[in-house]
Amino acid sequence: MDKYQGMVFAQCMKFSRNTEEAEDMTQEIFIKAFENLSQFRGESQFSTWLYKIAQNLLLTKSRKKQVHTETLVDGNFSAESKVEEHDSDFKMKLQNLLSKLPKNYKLPIMLYYYENMSYAEIAVKLNLKLGTLKSHILRGKELLKGWLQNEKRKL
């Protein structure tokens, strides 16, 4: 741990820019590495393997930060956007557009973003192949993005 702590901590500092948070993440990464030590096959250097664990954990944390606070309340959508956090007009437009999505796109998007379910969980729940599910979510997001761009052009 002493040998690689500096490398991992530096990665965490780049991500969080907060010493305490970086220390916590560093500890979390080393715990994850220790738990998965039996999976290290020696095909690469230990530092490379550890670096990859750190990257994956930080990427997961980054995605969670972006998705945050999106919730489904009584069948109505309520979303907070990082970019347009204070724009209630945007939220209303997004809710309206989400309701217009075809069911095969809307349901997977709701489960992924609003219920925080993984692709695997959603695929099982909806009895879909993983590739089909990913395609539905991607197409739904593309539709929403196109509709939002059209809304902005109208303004």
Side-chain angles (χ1 to χ4, degrees), residues 1-87 90-91 94-95 97-98 101-146 148:
M1 188 172 151
D2 290 338
K3 184 175 181 179
Y4 302 108
Q5 186 173 359
M7 173 193 74
V8 173
F9 180 75
Q11 272 186 283
C12 295
M13 276 301 289
K14 285 180 188 176
F15 174 79
S16 73
R17 291 182 167 73
N18 176 309
T19 305
E20 286 179 21
E21 190 176 346
E23 288 171 350
D24 289 344
M25 287 187 291
T26 300
Q27 184 176 8
E28 192 176 339
I29 290 165
F30 277 104
I31 290 170
K32 186 122 178 140
F34 181 76
E35 290 172 348
N36 294 292
L37 197 53
S38 64
Q39 295 177 10
F40 178 63
R41 296 183 301 259
E43 295 172 357
S44 63
Q45 292 184 346
F46 182 79
S47 60
T48 305
W49 180 75
L50 183 61
Y51 183 83
K52 190 65 177 171
I53 289 173
Q55 271 187 323
N56 290 338
L57 190 106
L58 295 174
L59 182 60
T60 300
K61 286 189 177 293
S62 174
R63 286 180 181 152
K64 284 181 182 177
K65 277 186 179 181
Q66 290 173 2
V67 171
H68 265 18
T69 63
E70 295 175 339
T71 57
L72 180 63
V73 181
D74 298 329
N76 296 320
F77 294 101
S78 136
E80 292 185 35
S81 167
K82 270 180 105 175
V83 177
E84 304 182 55
E85 229 169 18
H86 305 292
D87 189 354
F90 174 79
K91 292 176 192 176
L94 181 59
Q95 290 172 356
L97 294 175
L98 281 167
L101 273 178
K103 185 179 178 181
N104 60 329
Y105 298 157
K106 179 170 54 175
L107 192 53
I109 286 175
M110 287 171 37
L111 293 172
Y112 184 74
Y113 288 103
Y114 293 91
E115 297 295 324
N116 293 321
M117 291 177 70
S118 70
Y119 283 162
E121 292 169 326
I122 298 168
V124 169
K125 182 173 182 135
L126 300 180
N127 195 25
L128 293 172
K129 292 182 179 178
L130 195 58
T132 303
L133 171 70
K134 288 179 181 180
S135 175
H136 286 188
I137 290 175
L138 178 65
R139 288 182 183 148
K141 286 175 19 181
E142 287 173 347
L143 275 173
L144 287 171
K145 184 178 177 182
L148 283 170

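Keep in mind that this is a model prediction, so the values were computed, not measured.
- Within the structure, the ring pair (Phe, Tyr, Trp, His ring centres under 6.0 Å) test picks out the following pairs touching residues 121-145 (sequence neighbours left out): Y105-H136.
- The shortest heavy-atom contact between G140 and L101 is O-CD2, 3.8 Å.
- The closest donor-acceptor contact from the side chain of N36 to the backbone of Q39 lies at 3.5 Å or more, if one exists at all.
- Under the 4.5 Å side-chain criterion, counting only non-hydrogen atoms from C-beta, Y4 is not in contact with T26.
- Considering every non-hydrogen atom in both K141 and I109, the closest pair reads N-CD1, 3.7 Å.
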Side-chain donor-acceptor pairs under 3.5 Å in residues 118-127, sequence neighbours left out?
| unit_1 | atom_1 | unit_2 | atom_2 | d |
| --- | --- | --- | --- | --- |
| S118 | OG | E121 | N | 3.1 |
| S118 | OG | E121 | OE1 | 3.4 |
| E121 | OE1 | S118 | N | 2.8 |

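- Relative orientation of the W49 and F40 rings is tilted, given thresholds of 30° and 60° on the angle between their planes.
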* Asked: Can you list the steps and then say if I31 with E35 is a side-chain contact (heavy atoms from CB on, under 4.5 Å)?
  -> CA-CA 6 Å; I31 290 170; E35 290 172 348; 3.6 Å; yes
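- Heavy-atom minimum distance, M25 versus L58: SD-CD2, 3.6 Å.
- Side chain of T60 to backbone of N56: a donor-acceptor contact under 3.5 angstrom is found.
- Considering every non-hydrogen atom in both L50 and V8, the closest pair reads CD2-CG2, 3.8 Å.
- Of all heavy-atom pairs between F9 and E23, the closest is CE1-CG, 3.7 Å.
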